[in-house]
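First the structure, in the form of structure tokens, and then the observations on it.
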Amino acid sequence: MLSEQEQIRRESLQKIISYGINPYPAEEFKFSHYSSQILENFIDGEKVIIAGRLMRRKIQGKASFGSIQDAKGKIQIYLNRDIICPDEDKSMYNDVFKKWLDLGDILGIEGKVFKTRVGEISVNVEMIHLLSKSLKPLPQPKVDTDGITHDAFNDPELRYRRRYVDLIVNDYVKETFLKRSKVINSMRKFLSKKDYVEVETPILQSIPGGAAAKPFVTHHNALDVPLYLRIANELYLKRLIVGGFEGVYEFAKDFRNEGMDKTHNPEFTQMEVYVAYKDYHWMMSFTEEMLEFICLEVLGTTDVKIGNNTISFKKPFKRISMLNSIKEHTGIDISKMGVKELFETCKKLNIETNDSMGKGKLIDEIFGEKCESNYLQPTFITDYPIEMSPLCKKHRDNDELTERFELMVNGKELANAYSELNDPIDQKLRFEEQIKLAERGDDEAMLIDLDFIRALEYGMPPTSGMGIGIDRLVMFLCNQSSIQEVLLFPQMKPEKWDTGPNKKEYLKLNIAESWIQPLYEIGYTSVSILLEAKPTAVHQKLNSYRKKNKLSIPPILLEEVEAWYK
RNA sequence: GAUUCGUUAGCUCAGCUGGUAGAGCACAUCCCUUUUAAGGAUGGGGUCCUGGGUUCGAACCCCAGACGAAUCACCA
């Protein structure tokens, strides 16, 4: 059912067509200025052509005001009947503009720049071109002189589902996504200046590797095999280092079939970079250099406001090993502890455990519970337990640790990096360890990618790799606390659409076509629902619907309704 | 998955103790030659999320469900 306003717009559309205007013209519309250019460089009397959406309209007799929103902002337009219609025929103003155009229509405007009495730079309109008619009314948020927004369009579900509307009416949304684009561009610029090669690796993988996460499964018909959407691209990028690239990187969409919340979307973007002959110490410097560069390029400063905190991305960042961090925040030295003692320590610290947890997992729990949230300023946490880092090289000084770091910012993980494990025999053992862990109850089994082992057997130079969550980085730099705000189209439950009655179904029961829509409207949305109801009730409801909606068809007889049930 | 809160006009929201569904914006008609969220007058617009129940009577109370938000848990 169309709302009254939608019906009125459709009627206006018909009138426009009858008047001889094509509401959806095919021709290119050449405009001379963006709104921002006119506002920034006011030239009284300059002739301009602009194009955009009509966002405000205020009719005052012979004169009207409006505003046009284009890609770069908004500008006021002023219309005067006798300027638009210099001849006898005033219909272009009186009918077309005043009656048949609506807020939301896309217009081309020709006119001259001037300042109103109140001093606002405006375009005095000489000619209007309708470029596209809008049939659905927009929400109408208004900002007053104190900067307070009235009637804000702020229901998250509606905003995410109709991002196009969100972008039209909420200026800050567009800014977020412009900034996101800038962040990615400047990261790419940084990487490509180093002469590393941007590559693309498979999204459909037969073995989903490189991380511990549940994948999405799909099926390839011609090969008749299952394929997985990638959870990470790490193993492919390392194959390329084997192949002789010095440095490779990819901005990768990864897919993880797990819970969704404010910080997790089923598909998300990571940038991973791998560089030959480097180690994780080098990568720390590289990472802080890159982040500082991006902040300066995008924000012009290394000080970023996140919530109530100001975070400084000025290098160098603090570095601390995981074990020292735990010692610092709990006073407990766990460096020499075995599994049993770790379980006891967790108990003492009120950390929940279960039997499937190995040593690494326990340490990770302690860190996650007691330390992680303390690191507001960018901090590299280094040297993770070996059990939780199956793709990472053993620490040069300690067999139980790995050469790994995570970069914590505002209490959350932003980047993760290793000195990459390049010993194929060790790698195979580590994969097998993971499978043992998986058998103990962890359902996120890492399958063994034998081709990856084979690649390592050919020899991979010592390499350091780093992955950084683009969505998280953008959240930080845009001061947004939810990932949905930095994704144009965050994943939502599929929308339910009212597609109307399935007429064939009803016709099969010999129901007259004129009664199908009424049946549907009063709740008998399918034949099976209808047949469950009593014919007498259906009969009564139909006739009262007829009366209420003043249908021009004769009342239905009970016998007719009963006939459907035979 | 748990708890709490919410769902009323195109949008933002009121709606008291259960008693004829409301406001602002938007829309329509009329008046008005430069307005700054808001000129004036009049008017139209509703599956009060859905389905049951209680009641003479339900937007409101009870039960079940759908959807959403927040917090927590789980998972990286």
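Just so it is clear: chains get the letters A, B, ... in the order the sequence lines come, proteins before strands, and each one is counted from 1. Note that the structure is predicted; figures quoted are calculated from it, not measured.
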Q) Counting only Watson-Crick or G-U wobble pairs whose two distances fall under 3.5 Å, which nucleotide matches U71(B)? A) A2(B)
Q | Given RNA chain B, 5'-ward residue of the pair L101(A) and K62(A), judged by closest heavy atom | A | L101(A)
Q: Remember a base hit wins even if backbone is also touched, and classify K74(A) as base, sugar-phosphate or nothing at under 4.0 Å, heavy atoms.
A: nothing
Q: Hey, could you give me the NZ/CG distance between K74(A) and L39(A), rounded to the nearest 0.5 Å?
A: 12.0 Å
(Q) Please report the distance, rounded to the nearest Å, between CG in D261(A) and P in C72(B). (A) 11 Å
Q: Pick base, sugar-phosphate or nothing for R81(A), based on heavy-atom distances below 4.0 Å to the nucleic acid.
A: nothing
Q) Now, which nucleotide makes the Watson-Crick or G-U wobble pair with G22(B), with each of the two distances under 3.5 Å? A) C13(B)
Q) Side chain of D155(A), base of G68(B): donor and acceptor closer than 3.5 Å? A) no
(Q) Looking at C75(B), I'd like to know if its phosphate oxygens (OP1 or OP2) sit under 4.0 Å from a side-chain N or O belonging to K214(A). (A) no
Q | P gap between U50(B) and U8(B), integer Å | A | 10 Å
Q | Atom-to-atom span, CG of L138(A) to C1' of A26(B) - whole angstrom | A | 11 Å
(Q) Applying salt bridge (Lys or Arg N to Asp or Glu O under 4.0 Å) to D44(A) and K115(A), what does each step give before you reach the verdict? (A) CA-CA 7 Å; D44(A) 199 12; K115(A) 262 188 198 168; over 6 Å; no
Q: Can you tell me the distance, in whole Å, between the CZ atom of R161(A) and the P atom of G68(B)?
A: 6 Å
Q. Mapping L103(A) and Q76(A) to their closest nucleotides on RNA chain B, which lands nearer the 5' end?
A. L103(A)
Q: Report yes if the side chains of T287(A) and M283(A) come closer than 4.5 Å at any heavy-atom pair, otherwise no.
A: yes
Q | Nearest-nucleotide pick for E157(A), side chain only, options being G24(B), G68(B), C32(B) | A | G68(B)
(Q) Work out how far the C1' atom of G57(B) is from that of A21(B), and round it to whole angstrom. (A) 15 Å
Q: Could you give me the CA-CA distance, side-chain angles and deciding distance for D95(A) and K90(A), then say whether salt bridge (Lys or Arg N to Asp or Glu O under 4.0 Å) is met?
A: CA-CA 8 Å; D95(A) 296 324; K90(A) 305 294 183 193; over 6 Å; no
Q.
Rounding to an integer number of Å, can you tell me how far M388(A) CE sits from C75(B) P?
A. 12 Å
Q. Is the base of U34(B) touched by the side chain of Q60(A) through a donor-acceptor pair closer than 3.5 angstrom?
A. no
Q.
When the P atoms of C49(B) and U7(B) are compared, how many Å lie between them, rounded to an integer?
A. 7 Å
Q. Rounded to the nearest Å, what distance is computed from the CG atom of residue D102(A) to the P atom of nucleotide G10(B)?
A. 16 Å
Q: Answer with yes or no whether S122(A) presents, from its side chain, a donor or acceptor under 3.5 Å of a partner atom in the base of U34(B).
A: no
Q. Who is the Watson-Crick or G-U wobble partner of U35(B), with both distances under 3.5 Å?
A. none
Q: Go ahead and name the base partner of U7(B); Watson-Crick or wobble counts if both distances stay under 3.5 Å, otherwise write none.
A: A66(B)
**Q.** Touch class at under 4.0 angstrom, heavy-atom based, for E4(A) against every strand present
**A.** base
Q: Could you check which nucleotide pairs with G45(B) in any of the strands shown, counting Watson-Crick or G-U wobble with both distances under 3.5 Å?
A: none
Q: Determine the interatomic distance between C1' on C16(B) and the same-named atom on C31(B); round to the nearest Å.
A: 40 Å
Q: Give none if G57(B) has no partner; otherwise give the nucleotide forming a Watson-Crick or G-U wobble pair with it, both distances under 3.5 Å.
A: none
**Q.** Atom-pair distance (CD on Q7(A); C1' on G10(B)), nearest Å
**A.** 12 Å
Q: Name the nucleic acid region contacted by F114(A), choosing base, sugar-phosphate or nothing; use a 4.0 angstrom heavy-atom cut-off, strictly under.
A: base
Q: Could you state the atom-to-atom distance from NE2 of H264(A) to P of G1(B) in whole Å?
A: 18 Å
Q) Would E406(A) and R404(A) count as a salt bridge (Lys or Arg N to Asp or Glu O under 4.0 Å) if you check the C-alpha gap in whole Å, the side-chain angles of each, and the deciding distance to 0.1 Å? A) CA-CA 7 Å; E406(A) 284 192 1; R404(A) 170 178 182 180; 2.9 Å; yes
**Q.** Donor-acceptor pair under 3.5 Å, E120(A) side chain vs U36(B) base
**A.** yes
**Q.** Between G10(B) (P) and R9(A) (CZ): distance, integer Å
**A.** 13 Å
Q. Looking at the rings of F114(A) and Y78(A), which for Trp means the six-membered one, are their centres under 6.0 Å apart?
A. yes
Q. Under 4.0 angstrom, heavy atoms only, what part of the nucleic acid is K136(A) near: base, sugar-phosphate, or nothing?
A. nothing
**Q.** K262(A) side chain near U71(B) phosphate (N/O to OP1/OP2, under 4.0 Å)
**A.** yes
**Q.** Distance (rounded to the nearest 0.5 Å) between I50(A) CD1 and H33(A) NE2
**A.** 10.0 Å
Q) Out of U33(B), C11(B), U34(B), which has the shortest distance to the side chain of N80(A)? A) U33(B)
Q | Given U35(B), U33(B), C30(B), the nucleotide with the shortest approach to the side chain of K99(A) | A | C30(B)
